[in-house]
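Written out below as structure tokens is the structure these notes cover.
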Amino acid sequence: MKHVKIIGESLPNIPWQDKPEKCYGPVWRHKNNPIIKRNPQKGVSRVFNSAVAPYKGKFAGVFRAETINGRPHLHMGWSDDGLEWAIDEKRIEFIDENGVLFQPLYAYDPRLVKVEDTYYIIWCTDFYGASIGLAKTKDFKTIIRLDNPFLPYNRNGVLFPRKIDGMYVLLSRPSDSGHTPFGDIFVTDSPDLKYWGNHRHVMGRGGAGWWQRLKIGGGPAPIETTHGWLMFYHGVSRTCNGYVYSMGAAILDINEPSRVKYRCESFVLTPEEWYEERGFVDNVVFPCAALQDSDTGKIAIYYGAADTYVGICYTTVDEIVNYVVENNECIKGDSEIGVM
Ligand code: BMA
């Protein structure tokens, strides 16, 4: 087993539980999942597919809150320990760069990523159909919404936590107007978060296993390690009872993230517990955020369960990277630079 290190900050207060006995996979669930249950705030019936980040020694989160009229919006949440969350009653108020209110019609599947001294919120927004929304803040009080990076349709925008070669780097999954039955992960960069280009294909659906045969999409912000960018993502298979969403893992080249170095043939987490198997949409595990501690290599992944709850699962950088390398299966187009 190779020793792998996380490159980044230490996070001594990362939520954590040790691996239980007789857990055969590289990822294990928090024992008291789900950490956010139904009706967590007035007017909010379900919270899931949400993102968190360390903030001032504690934790801040951007939550996908399904309001009681069934429309999703983003609400801030606050936590001392990353486990118990107080979710704001009011949705996030976005303004444009001139201070004018700039609210999305709906907003879902947020990611929250710190690059240098700024936090970025990336989500799926309405732009004549689903596309990627982008906003920035330094204090979670003034939250400035920027122009949408892409044309419709697109989902699963995930910003890298640092610039590569001076450029902001954004993963996305081009799609269609409905419950897209296809999709691969692409990467795009920008010098200023305004002009986006250098589009590259990162990786495709498929492979020997069936769990990611239909579509895949980015998850938490990739984690920088001594082996490359560790990327968790979701993969979807179609069954006679609908879609099943599982979590996969891959390692991307550190300088050229459109090149996949290793990609795990099997899922690393799939719906098995009641809160993943049964809810508003059954059989969904949908990771959107991770916390990591560079001192110990601990990783805590936040995921939406059954479009109803928030769960946490754990791994270590050694365990997951070695597992991905040992079960590597790059498929056609993955390891290339992704231009056609
Ligand atoms: C996808 C997204 C996710 C959701 C999943 C399962 O298309 O809308 O927000 O978790 O479907 O319903």
Side-chain angles (χ1 to χ4, degrees), residues 33-38 40 44-52 61-67 69-75 91 104-112 121-127 129-133 150 152-158 171-186 205 211-220 232-248 267 269-290 301-313:
N33 269 350
I35 58 158
I36 303 182
K37 303 188 176 62
R38 287 182 191 262
V44 175
S45 60
R46 289 170 285 120
V47 161
F48 55 101
N49 301 5
S50 297
V52 307
V62 176
F63 291 89
R64 171 179 176 158
E66 222 76 0
T67 53
N69 73 1
R71 193 180 274 247
H73 291 293
L74 303 182
H75 289 225
R91 75 174 88 149
L105 269 183
Y106 61 72
Y108 62 85
D109 298 356
R111 277 44 171 208
L112 175 61
I121 304 171
I122 312 102
W123 73 95
C124 180
T125 203
D126 179 47
F127 180 33
S131 196
I132 308 293
F150 303 134
Y153 306 97
N154 205 318
R155 291 179 175 88
N156 296 300
V158 182
L171 298 169
S172 75
R173 208 274 305 287
S175 59
D176 66 11
S177 57
H179 290 282
T180 315
F182 62 88
D184 290 355
I185 300 176
F186 288 76
R205 58 200 183 274
W211 67 274
Q212 52 179 341
R213 202 166 190 186
L214 192 70
K215 55 179 170 173
I216 56 174
F232 295 102
Y233 65 100
H234 66 261
V236 184
S237 69
R238 194 195 328 243
T239 72
C240 52
N241 277 334
Y243 294 170
V244 176
Y245 282 69
S246 305
M247 179 167 85
F267 53 70
L269 196 79
T270 198
E272 286 170 354
E273 295 292 334
W274 63 267
Y275 51 89
E276 299 160 351
E277 287 184 335
R278 198 172 67 247
F280 187 74
V281 179
D282 297 347
N283 296 316
V284 181
V285 156
F286 198 97
C288 282
I301 305 160
Y302 289 73
Y303 65 99
D307 286 11
T308 305
Y309 309 101
V310 175
I312 301 191
C313 56

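Values reported hereafter were calculated over all heavy atoms of this structure, with side chains retained and with hydrogens, waters and symmetry mates removed. Numbering of ligands and ligand atoms starts at 1, following listing order.
- Within 4.0 Å of ligand 1, counting heavy atoms only, the contacting residues are Asn49, Arg64, Tyr108, Asp109, Tyr245, Val281, Val284, Phe286, Asp307.
- Ile122 is listed as a side-chain neighbour of Ile132, based on a closest heavy-atom distance under 4.5 Å.
- For Asn69, the CG atom is densely surrounded, since the number of other residues' heavy atoms within 6.0 Å is greater than 12.
- Scored by the salt bridge (Lys or Arg N to Asp or Glu O under 4.0 Å) test, Arg64 finds Glu66, Asp109 as partners (sequence neighbours excluded).
- Taking the salt bridge (Lys or Arg N to Asp or Glu O under 4.0 Å) definition, one finds that Arg91 meets it with nothing, sequence neighbours left out.
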Quiz: residues 274-281 side-chain donor-acceptor pairs under 3.5 angstrom, not counting sequence neighbours:
| unit_1 | atom_1 | unit_2 | atom_2 | d |
| --- | --- | --- | --- | --- |
| Tyr275 | OH | Asn33 | ND2 | 3.3 |
| Glu276 | OE1 | Arg29 | NE | 3.3 |
| Glu276 | OE1 | Arg29 | NH2 | 2.9 |
| Glu276 | OE1 | Glu272 | N | 2.9 |
| Glu276 | OE1 | Glu273 | N | 3.1 |
| Glu276 | OE2 | Arg29 | NE | 2.7 |
| Glu276 | OE2 | Tyr303 | OH | 2.6 |

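- Of all heavy-atom pairs spanning His75 and Ala65, the tightest one is CD2-CB, 3.5 Å.
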